[in-house]
Amino acid sequence: MADVYTNIYNPDVLSCLANLSNDEVFTPPEIVNQMLDMLPQELFSDPSATFLDPACKSGVFLREIAKRLLVGLAKQIPDRQARIDHIFHKQLFGIAITEITSLLSRRSVYCSKYPNGKYSVTHFDNPEGNIQFKKIKHIWRNSKCVFCGANQSEYDRNESLETHAYEFIHTTHPERIFNMKFDVIIGNPPYQLSDGGAQKSASPLYHKFIQQAKKLKPRYLSMIVPARWYTGGKGLDEFRNEMLTDQHLIEIHDFPETSDCFPGVNIRGGICYFLWSRDSKGDCHITNYKGGKVLDESTRPLLEPSAEVFIRYNRAISILHKVRAFNEKTMDSFVSARKPFGLATNYDGFSPVRTADKDILLYRFGENGYVSDSDIEKNHSWVDGFKVFEPYASPGSDDYPHLVLSQPIIGVPRTACSETYLVIGMFNTEKTANNVALYMKTQFFRFMLMLLKSTQHITQKIYSYVPIQDFNQVWTDEKLYAKYDITKDEQDFIDTLVKPVAWNFGSADDD
């Protein structure tokens, strides 16, 4: 028999699908094979090894595993058709996320949408084979799904529409889906689902697939997911703590630029794939990538003694240690929480012109306006001080080097801002505020900020690695590098990540 896959898939339709952009991203075959390379290769010569993809979309994981098993089992099962039958019936299993992806996955794996038909490379007595799809209903409580947090008003749908209630995570007993144990669970789960919050809010889903997979106690677990979990955030804090204290997490491949994995896709914070091993413990081997090539690799603890989160860049560890050795207070103590004056992004109670009553210049998304003292809901004392306004959202894409921050604005007395900005500091003089803004301009400042940044939004806690300086003086990168003994090699590394800027600062009155 001719090679089952090489002759049929040319050109590779899965490579084309990998270029699609949405929250259910298709995985390119080359990335799948890099993930499979992490596994002990003797698995592919073991006729008893079992593999599960709990989130089949294109079937590419099962297809690439099948290719390896076809080679690895050739001596043990010499007859090609007998080998194919054994692999597809006894070793490969999948759960599709939608009906259409179930058909696509079966077409990829069995060469037929229906493996009980004459065109399937192996015959099953049912139309699903070992790649199943069941239309699951959400379980609603207080307008949210108890399993995934989906919003009832959006996903309590007509039965003709997909519910996006994924079978693998909508059960308290995942072991009952196939009633068997798996040596390897591997895949690319859906990343998020709308939760009905403001501004098209969405809750992460991928961590639920990882947690559910661990319940099955496989020998190995590997998934490719957004890297946002490194620093936690919405719905991820508990999961982050679980992962970073799990000594069975033995390998992480980190891609700050999503397009290195998924061409044409931008997922803020980047992507990673990992290997979890039930029977191994120890430090984690971390590989950083840039431009699709290995930038650096190191075996180290997931949590550094001086860090509360995972530091993704291996070469950043030495810089962090040098800075933290000074034991200085950090900028998070200078930075406000969201909505510093109590005014939302869409606040519309402003005047487009200054009046006797509305004389506070309000910085907001879009055109600025003017508000009165009575419009300010909190932090009234900040209105008449000098401060720095910094946009809450970071600029641009995840391409390197980053800007990291948008340009700050010096706020003089009688200024405030909407939720679009955070307030940094409260100072007695404009000179001090200006020196803070100049510090924020440095690549050093933005690099230290970047160590904790994994999403578009830059919250108060993201500033907690940036040391406070003596703001009676102007700080430059040269002075900062000398102070913290940052070597030329370390400076060059910072240059690869953080873009120089030519910001000039004026006060709010200049507007």
Side-chain angles (χ1 to χ4, degrees), residues 1-10 12 14-15 18 26-96 105-111 115 120-122 124 129-131 178 180-189 210 213-214 216-224 248-253 261 273-280 285 287:
M1 181 187 292
D3 185 285
V4 173
Y5 292 107
T6 301
N7 290 341
I8 291 176
Y9 291 92
N10 187 25
D12 195 337
L14 302 188
S15 293
F26 289 86
T27 317
E30 58 268 25
I31 296 297
V32 171
N33 278 292
Q34 290 173 27
M35 295 172 67
L36 295 176
D37 286 344
M38 294 189 298
L39 296 169
Q41 296 306 292
E42 56 267 25
L43 281 167
F44 303 109
S45 300
D46 182 354
S48 66
T50 51
F51 301 81
L52 170 68
D53 179 353
C56 286
K57 293 188 284 291
S58 67
V60 64
F61 283 93
L62 298 180
R63 189 194 79 173
E64 297 304 312
I65 293 169
K67 285 183 179 181
R68 296 187 181 216
L69 289 169
L70 282 167
V71 174
L73 297 178
K75 291 184 179 179
Q76 298 178 65
I77 311 176
D79 181 82
R80 189 172 183 78
Q81 188 58 52
R83 189 159 74 250
I84 290 171
D85 291 340
H86 176 85
I87 291 168
F88 290 145
H89 285 256
K90 303 294 185 182
Q91 295 190 267
L92 300 183
F93 300 82
I95 305 170
S105 295
R106 293 184 202 114
R107 178 68 179 83
S108 300
V109 176
Y110 306 131
C111 303
S120 177
V121 295
T122 186
F124 283 85
N130 284 339
I131 302 174
F178 283 106
M180 61 182 296
K181 292 184 178 295
F182 294 97
D183 293 288
V184 177
I185 299 178
I186 189 168
N188 179 7
I210 296 170
K214 287 183 178 180
L216 296 181
K217 299 180 181 179
R219 288 170 61 194
Y220 300 98
L221 167 62
S222 180
M223 289 192 180
I224 182 166
H248 297 281
L249 189 58
I250 61 171
E251 201 166 331
I252 293 176
H253 292 253
C261 276
Y273 58 80
F274 64 86
L275 179 65
W276 180 92
S277 173
R278 183 190 66 196
D279 301 325
S280 302
H285 189 80
T287 305

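Remember, it's a predicted structure, so these values are computed and weren't measured experimentally.
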In this structure, which one of F124, Y110, F93 forms a ring-ring contact (aromatic ring centres under 6.0 Å, His included) with F88? Y110
Got [X] and [Y] here, is their nearest side-chain heavy-atom distance under 4.5 Å?
X    : Y   : value
Y220 : M38 : no
L69  : L92 : yes
I186 : L36 : yes
F61  : C56 : no

Please check this pair: side chain of [X] against backbone of [Y], looking for a donor-acceptor N/O pair closer than 3.5 Å.
X    : Y    : answer
R63  : S108 : no
S58  : T27  : no
R106 : I131 : yes
Q41  : L39  : yes
Q81  : V121 : yes
H86  : P47  : yes

Taking D37 first and then R68, would you say they form a salt bridge - that is, a charged N and a carboxylate O separated by under 4.0 Å? yes
Please determine whether side chain to side chain contact (heavy atoms under 4.5 Å, CB included) holds for the pair N188 and V60, giving the CA-CA distance in whole Å, both sets of side-chain angles, and the decisive distance to 0.1 Å. CA-CA 10 Å; N188 179 7; V60 64; over 6 Å; no
Step by step, would you call N33 with K67 a side chain to side chain contact (heavy atoms under 4.5 Å, CB included)? CA-CA 10 Å; N33 278 292; K67 285 183 179 181; over 6 Å; no
Among residues two or more places apart or on two chains, list those pairs meeting salt bridge (charged side-chain N to carboxylate O under 4.0 Å, His left out) that have a residue in residues 47-56.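 As it turns out, there is no salt bridge (charged side-chain N to carboxylate O under 4.0 Å, His left out) pair with a partner in residues 47-56 once direct neighbours are skipped.
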Among residues at least two apart in sequence or on other chains, which ones pass ring-ring contact (aromatic ring centres under 6.0 Å, His included) with H285? none
So which pairs with a foot in residues 33-54 pass ring pair (Phe, Tyr, Trp, His ring centres under 6.0 Å), sequence neighbours left out? F44-F51
Check against side chain to side chain contact (heavy atoms under 4.5 Å, CB included), N130 and Q91: CA-CA 9 Å; N130 284 339; Q91 295 190 267; over 6 Å; no
Matching residue for F274 among H253, M35, E251, M223 - test: side-chain contact (heavy atoms from CB on, under 4.5 Å): M223
Salt bridge (Lys or Arg N to Asp or Glu O under 4.0 Å) with R83: which residues, sequence neighbours excluded?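 With sequence neighbours excluded, R83 shows a salt bridge (Lys or Arg N to Asp or Glu O under 4.0 Å) to no residue whatsoever.
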How would you list, by chain and number, every residue that makes a side chain to side chain donor-acceptor pair (under 3.5 Å) with Q76, sequence neighbours excluded?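 Q76: no side chain to side chain donor-acceptor pair (under 3.5 Å) contacts found.
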Apply side chain to side chain contact (heavy atoms under 4.5 Å, CB included) to I250 and list each qualifying residue two or more places apart in sequence or on a separate chain.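 For I250 the side chain to side chain contact (heavy atoms under 4.5 Å, CB included) partners, ignoring immediate neighbours, are L275, S277, S280.
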